[in-house]
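Here the structure comes first, spelled out in structure tokens, and everything after it is commentary.
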Amino acid sequence: MFRLLTAATPKIRSSRPAISRGISTVESGTAYENHTISIFNRLGASLERTGGAGDNGVDFRGPWTLPEQQQFYLVGQCKYYERKKIGPSVIREWEGVMSRQELDTLGVVAASSGFTSSCIQAALSSIYPIALVTIDGGHQSNRYTNIEESIRGFVWNKAADAFIGRLVVAKKHYDLCKLDQSDPAMYTIQLLWNGQPLPPSISK
């Protein structure tokens with residue numbers, strides 16, 4: 001089963017560092033890579049940044065262990081744009097990267113502004129295990145109270161089910177007393193495992 005759910009940025013403040021318009025494109029990209037790595041590491045992964053010259057299209061890599069499941073390897077690429085959504089050409093390039101990986105490897109593409117529908121369709125139809133994750137880049141005025149709440153979308157294809165098929169993506173509401181179901185700014189993404197929120201840290 002494919003799971004797709006996105007949510008707009010919630011209007012909640014946080015003290016985490018933001019990616020600023022005043023820094024260079026390279027600095028913004030590096031900051032976004034580090035931010036993405038931090039999120040996955042809070043969810044039980046042990047990723048390291050590999051971006052730079054000669055990275056062969058991989059910005060981060062490392063093991064990810066989920067509850068009651070054997071460890072698997074993860075490689076990922078980050079795309080930081082303030083407004084531009086990622087198109088299907090990125091998936092075609094990423095499939096080339098995945099063709100050089102070991103079989104027990106999940107490929108993740110993280111984007112700050114999300115993905116076009118054609119990009120999502122390309123990922124869903126790929127023979128390689130691919131997950132698309134929309135992670136806030138921190139450039140907006142809105143902030144988050146917890147780093148995991150930067151996740152605004154998470155979708156994966158059938159090939160990735162062997163790695164994360166038991167994950168469930170759900171809306172996470174903030175103030176139930178003031179909840180407006182028609183306002184997407186009232187919620188963000190919550191990852192669940194066996195019906196429980198995925199812990200911010202998983203003992204290895």
Side-chain angles (χ1 to χ4, degrees), residues 1-9 19 29 32-45 47 49-51 55 57-62 64 66 72-101 104-139 144 147-172 184 187-193 198:
M1 177 182 293
F2 302 140
R3 301 167 178 85
L4 172 61
L5 183 62
T6 58
T9 307
I19 297 174
Y32 184 67
E33 290 170 10
N34 290 330
H35 176 50
T36 299
I37 290 168
S38 295
I39 290 174
F40 274 97
N41 287 350
R42 290 283 296 275
L43 295 172
L47 305 181
R49 181 175 175 270
T50 58
D55 62 10
V58 175
D59 293 326
F60 56 85
R61 64 173 67 241
W64 189 10
L66 293 169
F72 59 87
Y73 206 70
L74 184 154
V75 296
Q77 184 178 86
C78 292
K79 296 293 183 180
Y80 174 72
Y81 299 105
E82 292 196 0
R83 296 180 181 86
K84 179 183 176 182
K85 290 187 176 183
I86 302 304
S89 62
V90 170
I91 301 303
R92 292 191 290 270
E93 294 172 0
W94 186 241
E95 286 181 314
V97 173
M98 290 300 298
S99 70
R100 299 188 293 271
Q101 308 303 316
D104 63 340
T105 303
L106 172 67
V108 171
V109 179
S112 57
S113 296
F115 306 86
T116 64
S117 57
S118 58
C119 179
I120 294 172
Q121 185 57 46
L124 293 181
S125 61
S126 177
I127 63 172
Y128 299 101
I130 295 175
L132 305 181
V133 186
T134 302
I135 296 177
D136 173 63
H139 61 273
Y144 296 86
I147 196 166
E148 293 86 357
E149 292 170 357
S150 297
I151 301 174
R152 298 190 286 116
F154 204 120
V155 59
W156 60 91
N157 62 10
K158 185 175 182 179
D161 268 344
F163 301 91
I164 54 175
R166 294 169 64 188
L167 274 179
V168 174
V169 182
K171 293 179 181 179
K172 181 177 180 181
Y187 58 81
T188 185
I189 294 301
Q190 174 68 64
L191 300 181
L192 305 175
W193 188 271
L198 190 63

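The first residue of the sequence shown is numbered 1, and numbering continues consecutively from there. Predicted model only: the values in this text are computed from it and were never measured.
Heavy atoms only, all atoms of each residue included: Ile151 and Ile189 are closest at O-CB, 3.2 Å. When all heavy atoms are compared, the tightest approach of Lys85 to Phe115 is CD-O, 3.8 Å. Closest heavy-atom contact between Ala131 and Ile164: CB-CD1, 4.2 Å. In terms of heavy-atom proximity, Arg152 sits nearest to Ser113 at NH2-CA, 4.4 Å. Contact record, Ile86 with Cys119: O-CB, 3.2 Å, taken as the closest heavy-atom pair. Of all the heavy atoms in Leu66 and Trp193, the pair that sits closest is CD1-CZ3, 3.5 Å.
Annotation: side chain to side chain donor-acceptor pair (under 3.5 Å) contacts of Gln121 (sequence neighbours excluded): none.
With Tyr80 contributing its side chain and Glu33 its backbone, the two residues share no donor-acceptor pair below 3.5 Å. No side-chain donor-acceptor contact under 3.5 Å links Asn157 to the backbone of Pro129. Looking only at distances, a side-chain donor or acceptor of Ser99 sits under 3.5 Å from a matching main-chain atom of Gly96.
Partner Cys78 forms a side chain to side chain contact (heavy atoms under 4.5 Å, CB included) with one of Val109, Asp59, Ile135, Val133 and no other, that one being Asp59.
Considering CG of Leu132 and CH2 of Trp156, their distance stands at 11.5 Å, rounded to 0.5 Å. Atoms NE2 and CG, on His35 and Asp136 in that order, are 6.0 Å from each other to the nearest 0.5 Å. Between atom CD1 of residue Ile130 and atom CD of residue Gln77 there is a gap of 10.5 Å, rounded to the nearest 0.5 Å.
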